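Take a look at the structure set out below.
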Amino acid sequence: MRSQSEYGFFYQPKIMSGVAAMENIPVELDGFNARHPFVITSKEISSSGLAKKFVKALYDSNTIIGALYDDVPAYAGIGLIRELAQFLRDRGCDSIIAIGTGSVVDAAKGINIIVSTGKDVLEFEGNNAVLGHLKPFVVVPTATIAPYDLTGCAAIEGKEIISDYLFPDIIAIDTRMIRGCCSDSMRATALVSLTQALEAFLSPQSNHLTDAYASMALRIIAEHIVKAVKRPRNKKTCLAMANAATVSAAAFHNQLPGPVHSLGMALSKLTGHLPGLCMGALLPAALKLRSKKKEPFRSDLLLAVGGADRYAESAENDRANKGEAALMNLISSIPGIPQGLSSLKVPRHTAEEAIALAAKKEPALKKQDLEEIISMAL
Amino acid sequence: MINYNNYPEIKPGKKLLKRIYVATMLFVFGRAFQAVSRVDRSAKEEFAQMPDDFVLDFCVVPNGPHMIVGKDGKGRITYLGWNPAGKKITLAMRIKNIEAAMRMFMFLESSCVATSRDRLIVDGDLPTACNVLHIMDLLEVLLLPKFAAKLGVKRYPKWSQLSPLRKWTSRLLTYVRLIA
Amino acid sequence: MQEIAGTSNKILEVDLATGSFTVGEISEKDRRDYLGGKGLGLKLLYDRLKVGIDPLSEENMIAFMPGVLMGTGAPCSGRFEAITKSPLTGIMVTASCGGPFGMALKTSGWDALIIKGKAKKPSYLYIDSKGAQLRDANKLWGKDTQETQTLLEKEGSGAVAIGPAGENLVRFANLCSGHRFLGRGGMGAVFGSKNLKAVVAKGGEYKIVPVNKKKFEKARKNLNAYINRNSITSGAYRNFGTNANVNLSNAAWILPVRNFTGGSHGEAHKISGETIAEKFNTKYHTCKPCSILCGHKGQFAGKERSVPEYETTGLMGSNLEIFDPVALAELNEICTRMGMDTISTGGTLAWAMEATEKGLFKSNLKFGSTENVAQTLKDIAYMRGIGKELAMGSRWLSKKYGGEDFAMHVKGLELAAYDPRGCIGHGLSYAVANRGACHLSTSLFTLESYFGMASPNAKRGKATMVKFFENVYAAMNSLHICHFTAFAVFLEPPLVKLTPVPMLKLMVQNLTPVALAVMDISLWPELWSGVTGKRLGMLGFKKIGERIHVLERYMNTREGISKKDDTLPVRLLSEPRKCDHTGKVVPLEWMLKRYYKVRKFDKNGIPTDRLLKRLGIEKK
Amino acid sequence: MIIPGYYEYCCRVKTIAGHKALEKIPSELARMKAQKPMIITDKGVAGAGLIKIVQSAIKSTKGFKTSVAAVYDNVPPDSELTIVREAAKIYRTKGCDAIIAVGGGSVLDTAKGVNILVSLGGDELMHYAGAGAVKQKLKPMIAVPTTSGTGSEMTLVAVIADHSRSVKLPFVSYFLLPDVAILDSRMTKTLPPALTSSTAMDALTHACEAYTCMAKNPVSDATALEAIRLIASNVLNVVKNPNDMEGRLALANGSALAGMAFSNSMVGMVHMLGHATGGVCGVPHGVCMSIFLPYGLEYNLHRSGELTAELLLPLAGPEVYAATPKNVRALKAIEHIRKLNEELHQATGGRHARFLKEIIGRDGTQMVPKEKLPDIARTAMRDASQFYNPEDLDFNDCMMVLENAWEGTPLNLKKIKKGGKGMKF
C-alpha cells in the first residue's frame with residue numbers, strides 16, 4: 001500500500017466551534033498582539049443582521065474594530081482588494097476578520113497578502129508562493145461555508161494562490177452565524193464538502209494523516225447531510241456541517257484536488273451554477289467511472305459512510321462494494337440533488353470547455369478521465 | 001472609491017447588566033471562600049496544601065470584574081476585594097470573556113464543562129489551581145440546593161463522602177459567616 | 001410585375017452542405033400567433049433548432065425575416081430581422097437592420113429565409129424567386145463588408161455580408177447590409193462558421209400591396225403625421241442622429257465613462273451629435289424607406305464617413321475616454337469595414353484597458369489614448385496577437401484572466417451606452433433582456449432619464465414597466481417597424497400629448513399598470529391588419545408580444561438560462577460612481593423578484609407551465 | 001458523531017512523515033527563509049548516531065544552501081534554565097537562524113526556551129513565563145522526535161526548571177509549537193523493544209483518553225481513531241521485528257496523530273495517576289500509561305462506556321467488533337488492551353510491565369512499593385488532568401484504582417461511585 005517516501009500534513013487554523021465562539025476572538029487576537037481588526041463582510045450578511053451580532057459579541061473587550069466593510073460583492077475583483085488594503089493601512093489595523101464565505105474570505109486573503117508583504121497579490125500567483133508570515137486572520141464562517149474557504153488557497157481574479165501561510169489563523173464557527181437560509185444553498189454547500197472530503201479520501205496519494213481527517217469529515221457528512229438539506233435552519237445540523245467543512249478542509253489542503261472538484265469548479269465558472277450543484281451532478285459519474293475502470297474502493301469507505309456496525313458485519317472482500325453502494329445511496333438520498341449535467345442544462349460544448357479548463361489547472365489529472373466523467377454525466 | 005466615512009471605527013460597547021451580575025456572584029464566592037476556609041474540614045485540608053504566599057485572582061478578561069482571595073500573614077484565607085492593583089498575584093484564573101462567565105454563573109455550563117470547553121485560562125501553579133477548583137465544587141455543594149448544585153458538579157457527594165450532618169453544619173456556618 | 005397581397009408566406013430553407021433548398025409554407029396559426037419578423041423567426045427556429053448545440057457548429061441555423069410591412073411603404077418599415085443562436089452568448093439572439101437586403105428578399109417573394117449546414121468551401125448564396133444558389137466566394141473571401149457588397153451589386157438589389165471579422169469567427173462579428181448592420185450577438189461568426197461570405201437577393205420581382213388598403217393608408221398617414229410632429233423623430237434624431245443622446249445622457253449621468261466608472265464627463269460635448277453636425281457638414285445616410293432619417297454621414301478630415309451612432313460614440317468614445325470625433329469616425333469606419341459590433345468591441349476594449357491598468361492582462365491599450373486602438377481593432381478582426389483573445393468578448397476574457405467585476409456584460413453580451421446606475425429600471429431591463437445587455441428590449445432610459453416620465457431612482461413599478469415595454473417592442477419588432485417610431489406612437493397621441501409631464505410621471509410611477517394600459521398604441525396593430533387583412537387589436541398585439549418574449553425566454557431557459565444569469569456586472573451592483581454623490585447602485589434583487597412575479601415566472605426565472613399553456617407555447 | 005456545544009482545536013505543526021522525511025528539512029527551512037539551523041539534542045540521541053543521520057540527510061539534499069551551524073547535545077533529562085541560556089549563547093555566537101530539536105520531551109522544552117530567548121532577546125526567561133505571554137512569531141523550529149509516543153512535538157507547553165530558585169517555569173503559547181515535525185522511520189529504528197512498547201502504549205493512551213474524555217471534539221476524534229488503529233495494529237509487530245520500517249513509520253504517525261488529539265482534547269485520570277506515579281516514584285511515563293489505561297476506561301465505564309465501545313473497532317479490528325454483542329463491547333475493548341499488555345509483556349521478555357508491582361528499576365528493586373500508594377494518590381489529587389475525566393475522583397477513588405493496578409486485578413465495577421450516566425459536552 002501507499003509507499004511514498006514522504007508526505008506532509010499541515011493545518012494552521014485554530015478552530016473554535018460552538019456556543020459563544022465569537023466572544024473568544026478578542027482573547028485569541030490578543031495572543032497575536034492584535035487589538036485593532038479590520039472586518040469585511042458582504043451586504044447579505046450585514047443586512048441579515050449577522051454583522052451586528054458579531055459586533056455585539058465583541059462588546060466588553062479591548063478590541064476596536066477598525067472598520068466594518070460590508071460591501072464585498074459576490075465577485076471580489078483585484079481593484080476592490082487593493083482599495084481595501086489601502087483602507088486597512090489608512091486605518092492602521094493589525095489583523096483581518098472575514099465574516100462569510102467565498103469572495104469575502106478570498107478578498108480577505110488578498111488584502112492580507114498586500115498589507116503584509118507590501119507587494120501585489122498577482123505577483124504570488126501559482127503554487128507554494130513564498131509569502132512569509134501574514135497578519136493574523138480570522139474567519140467567521142456563515143452557513144455556506146465550503147472546505148475550500150478554510151484552506152490555504154485563495155482564488156483571486158480566477159488565479160489561484162496556494163500557500164501554507166494563507167490559512168486563516170482562527171476559525172470561529174459560532175452557532176449564531178451558521179444557520180442556513182434555504183435548502184438550495186445548503187445542498188450546494190453540503191455537496192462541496194462531500195466532494196472535497198470524498199476526493200481527499202479516495203485520492204491515490206492519501207496517507208494516514210489526511211485519512212484521519214477525511215474519514216471523519218465523511219462520517220459527519222454522511223450522518224447529517226440529508227437532515228441539513230431538509231431542515232437548513234436546524235442549529236445542530238448546521239454546526240455539524242460547518243464542522244465537517246472544517247475537518248475536510250484539513251484533508252483537502254494536503255491533497256491534490258480531484259477530478260470532480262476541478263471539473264465542478266470549471267463548470268460553475270462557465271455556467272454560473274453554484275459549484276456544489278455541478279459537483280453533485282458529476283459525483284455519481286465519477287464513482288461509476290471508478291468502478292468501471294475496476295479501481296477498487298477502499299474498504300474503510302464503508303466505515304466512514306455506512307457506520308461501524310455495517311462495516312464490521314460485512315465480509316472483508318465485500319466491504320469495498322458495499323461502501324460504494326452506501327455512498328451512492330447516500331448521494332441519491334440527498335433531496336433535490338441534480339440528476340446529471342442535463343438537469344443543469346449544460347450543453348456538451350460548454351462541458352468540453354470545462355474539461356480543458358480543469359486539465360489546464362490541474363495537470364495531474366488525466367484528461368481521458370475527465371472526458372469520461374463528463375460524457376457519463378451528460 | 002471607498003467612502004471611508006461610511007465605515008467608521010467601532011468601539012466595543014458595554015454589557016452592564018451582565019457585568020453587575022457576574023461581579024455580584026464573584027463577590028459572594030469571594031466571601032464564601034473566606035467563610036468556608038474557617039468552617040469546613042475538607043476545605044481546610046485543601047487550603048493547607050496551598051503555598052503561603054497564595055493570592056488568587058479570579059477574573060474576567062480583559063476588564064474584570066475581579067475576585068481576589070489570598071492568604072494573609074497568619075496563613076488564613078481572606079477575601080481581598082475586587083481590585084487587583086498592588087497585589088502580588090500568584091495564581092490567576094481568567095475567564096476568557098463575560099459571556100463565558102455568564103454561562104458559568106448562570107449554571108448553563110458547569111465548571112467542569114467550562115474547563116473542558118477551554119473557557120478558563122490558568123496562569124500559575126497548576127496543583128494550587130486544582131485545589132481552588134476543588135473548593136469551588138465544594139462551595140457549590142454547600143451554597144446551592146441539591147438540584148442546582150447537581151448541574152454544577154460532576155458527582156454530587158455520596159453519603160460516604162459527605163454525611164448530611166456535616167453538610168448541613170458546614171452549609172449553615174458558611175452562610176452565617178458569609179453574611180456576617 | 002407580379003403582386004403579393006400582404007404576405008407570401010413562403011419559407012426558403014437552404015442547406016449549405018449540399019447547396020440544396022426546400023420551399024415551405026408558414027402556417028396560418030404561426031402567422032396569427034407571431035405576426036412575422038422577430039416573433040415568427042423565433043417560432044421557426046424553435047421548431048427546428050436542437051437544444052444545447054454549439055452556435056458555431058453546422059447544426060446552428062440563421063433565419064432572415066423581412067417584416068410584414070416591408071415593401072408596403074409604411075413609414076420606417078424598411079427593416080428586416082435575423083435570428084440565430086449567438087456564439088457570443090450561447091443563447092438566442094435577434095437583430096434588426098435597415099439595409100437593402102430585407103427589401104430584396106421580400107421582393108424576391110420570400111417571407112423567411114433559413115440557412116443551415118456548412119458549406120464545404122467559401123461561398124455566397126444567391127437568392128431569387130426561383131430559389132437559392134450556392135456560389136463560389138473565392139474572389140470575395142478576405143474582402144471587407146463594403147467591397148464585398150460592391151462586387152455583388154450587379155447580382156442583386158440587396159446583400160448581407162460579413163467582413164474579415166466574421167470570416168475569422170470573431171465572436172462579436174456582425175452582418176452588414178448596405179451601411180446598416182445586424183449588429184449584436186456575433187451573427188457574422190455564424191456566417192463565418194458556415195463558410196458563407198454573403199447572401200445576395202435579386203429582388204424587384206414582386207410588388208407588395210396591402211390587403212386592406214383603406215385601413216392601411218389611414219394608419220400610415222397618422223403615423224407619418226406623428227413622426228413629423230414628434231420632437232425627437234422630426235427634430236433631434238433627424239438633425240443630429242442618435243448622437244443627440246450624448247448630451248442628454250451626459251446630463252442625466254448615464255453616459256458610460258472609463259469602463260462605466262463614471263456617468264458624465266466634461267468633454268462629452270465634443271462628440272455630441274450637435275457638435276458633429278456643426279463641424280463635419282453632415283448629410284442623411286439612412287435606411288430606405290424612412291421618415292425619421294437618423295443616419296448621417298459627414299466629412300471627417302477630408303474623408304466621407306458615416307457619423308458614428310450613439311452607441312459607438314458612447315462605448316468607443318467616452319467609455320474609452322476618447323473625445324476626438326475624427327478618430328472616432330475612423331474607428332467606426334474600421335469596425336464597419338471589418339464587420340464588428342461597435343458596442344461589444346468598445347466594451348471589450350474597455351475591459352482590456354482596465355485589466356491592463358490593474359495588471360491582469362497585458363496589452364498596449366490605455367484609457368484616453370487613441371494610440372494602438374485602430375491597430376488593435378484590425379488585430380481583432382484578423383485574430384492576430386492579442387486580438388485573438390480580445391475577439392472572444394469580455395465574458396470569455398474575464399473568465400480567463402479575472403476581472404469579472406468590471407467585465408461589463410450580461411449573459412455575455414456587452415452593455416450598451418447607458419449606465420443603469422442613473423436609471424435603475426433600465427438596469428432591470430438589462431438584466432432580464434433575452435439577448436443579454438440589450439438597450440432595445442425596453443429602452444426604459446428614455447422614460448426615466450430623457451423625458452422624466454418615470455423616476456430614475458424609484459424601484460416601484462419598474463418590473464411592470466419592463467414587462468410592458470418588452471412585450472410591446474417584441475411585437476413591434478415582428479411587424480417589423482423602426483424602434484424609433486415608438487417615440488411618435490407613445491408620445492404623440494392626444495392623451496399623452498396633452499397631459500403635463502409631472503402629472504404623467506405621477507401616473508406612470510404610482511399607477512403603473514393603469515397608466516400603461518391606457519397608452520394608445522393602436523397604430524401598430526392597425527398597420528399590420530391593414531397589410532394582412534386580418535383583425536388585430538391593441539390587446540391582441542400586447543398578448544402576441546408577451547408570447548414572443550416568453551417563447552424567447554423559454555428557448556433560453558432550455559439552454560440553461562435562469563435567475564443566476566439575470567444579473568448585472570458586479571460594478572453596477574456594488575460600486576457607486578464618483579460623479580454621483582448619492583452613491584447609488586442598482587437594487588436589482590428587489591426588482592428582479594417582482595419582475596418574475598409579474599411575468600409569472602417561477603422563483604428561478606423559468607416560465608411556468610401554466611404561463612406557457614396560456615400563451616399556447618408547446619413545451620419541448 | 002458527537003459535535004460538542006463548544007470546543008477549540010488547534011494543531012499548527014506541519015507534519016512530515018516518511019522514510020525519507022529528514023531530507024525535507026532543507027526545503028522547509030528555505031520556505032521559512034532560514035538556512036543556518038542549530039541542532040539541539042541530548043547525549044543519548046547523539047550517542048545513538050541519530051544526529052549523524054540528520055546531518056547527512058541535510059547535506060545530501062541538493063539545491064539548498066542549508067548548513068548546520070551548531071550542534072548542542074548537552075541537554076539533561078530535566079530541562080533547566082542554565083542550559084537554555086548556554087544554548088542560546090551558542091546560537092547567537094554562531095549566527096544561527098533556526099532550531100532543529102532532535103529528541104524527546106526535555107530536548108523540545110529546552111529548544112522552546114532557547115527559541116524564546118533568541119527570538120525575543122535578553123537572557124531572562126522569567127518575563128515570558130505563564131499563559132500566553134509570548135505573543136509573536138518566534139524563529140523557525142523543527143522538531144524531530146526520536147521516540148514514537150510522547151507527542152510532545154504537538155504541545156504548546158514548555159516546562160523549564162530554575163534550580164537557583166527551585167521553581168518550575170511553565171510557558172504556554174501557540175507560538176511555542178514547532179513549525180514542523182519530522183517523523184522519520186530512521187529516527188526510531190534503534191529504539192529497544194521495551195521502550196518501543198511503552199512509548200507506543202503511551203501514544204495509545206493519549207488517543208484513547210482523548211476520545212473518551214470531556215474535551216473531546218470531532219477533529220481530535222478523527223486523529224484519535226486513526227491513531228488507535230495505527231498503533232494497535234502495529235505495535236506488536238514492531239516489538240517483535242524491530243526492523244519493520246513500515247510499522248515504525250505507522251507508529252510514528254500514530255503517535256503524532258495521538259499528540260494532535262490529546263494536546264487539544266486533553267486527557268483524564270490515566271494521566272492524572274500516571275503523572276503522580278512518575279512524580280513520586282520516578283517511573284517512566286509510558287510505563288505508567290500502559291498500566292493505568294484499562295483502569296481508566298473501566299472506572300469511567302458508566303460515563304463513557306459507549307465511546308469506549310466504539311474504540312473496539314480500531315483496537316481489535318472489525319471481526320472482533322462484529323462478533324461482540326453491543327452491550328459488552330466496552331468491556332471487550334478494555335480486555336483487549338489488557339491482552340495487548342500481556343502480549344507485549346511476553347514479547348519483551350517481561351520488561352513491559354503489566355502492573356505497578358512489576359515495574360523494576362535499573363537497580364533491580366521494585367519502583368512502586370505498596371506503601372507509596374497514598375502518596376501517589378495525594379499527588380494525583382493535585383493534577384489538572386482530573387478535570388477532563390468524565391467522572392469525579394477523590395482520594396479514596398484514587399486509592400482504590402491504584403491498589404487494583406498494583407495487584408493487577410480488574411476494578412470492581414460495583415464499588416465505583418457513580419455521579420450519573422453519560423457525559424455533557
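First the proteins, then the strands, lettered A, B, ... as listed; each starts at 1. For clarity, every value in this text was computed on a predicted model and none was experimentally measured.
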Step by step, would you call B:I68 with B:N83 a side chain to side chain contact (heavy atoms under 4.5 Å, CB included)? CA-CA 7 Å; B:I68 299 157; B:N83 189 358; 5.6 Å; no
Treating D:N217 as the side-chain partner and D:S220 as the backbone partner, does any N or O pair qualify as donor plus acceptor under 3.5 Å? yes
Quick one: of B:L126, B:L133, B:I121, who has the most non-hydrogen atom pairs under 4.5 Å with chain D? B:L133
With a 4.5 angstrom heavy-atom cut-off, which part of B:V153 approaches chain D: side chain, backbone, both or neither? neither
Chain B contacts: which residues in residues 382-394 of chain D have a non-hydrogen atom closer than 4.5 Å to it? D:R382, D:D383, D:A384, D:Q386, D:F387, D:Y388, D:N389, D:P390, D:E391, D:D392, D:L393, D:D394
Non-hydrogen atoms of chain D under 4.5 Å away: do they reach the side chain of B:T128, the backbone, both or neither? both
Would you call the rings of B:F27 and B:Y79 parallel, tilted or perpendicular, where under 30° means parallel and over 60° means perpendicular? perpendicular
D:K216 to D:Y211 six-membered ring, cation-pi geometry met (6.0 Å, 45°): yes
Out of B:T24, B:V22, B:V28, which residue meets the side-chain contact (heavy atoms from CB on, under 4.5 Å) rule with B:L26? B:V22
What I want to find out is whether B:R94 reaches B:D57 closely enough, with some N-O distance under 4.0 Å, to be called a salt bridge. no
Are the side chain of B:Y175 and the backbone of B:L143 linked by a donor-acceptor contact shorter than 3.5 Å? yes
Name the region of B:E109, side chain, backbone, both or neither, that has any atom closer than 4.5 Å to a heavy atom of chain D. neither
Measure distances from B:N131 to the heavy atoms of chain D and classify the residue's part below 4.5 Å as side chain, backbone, both or neither. side chain
Ring pair (Phe, Tyr, Trp, His ring centres under 6.0 Å): pairs with one or both residues in residues 31-55 of chain B, sequence neighbours excluded: none
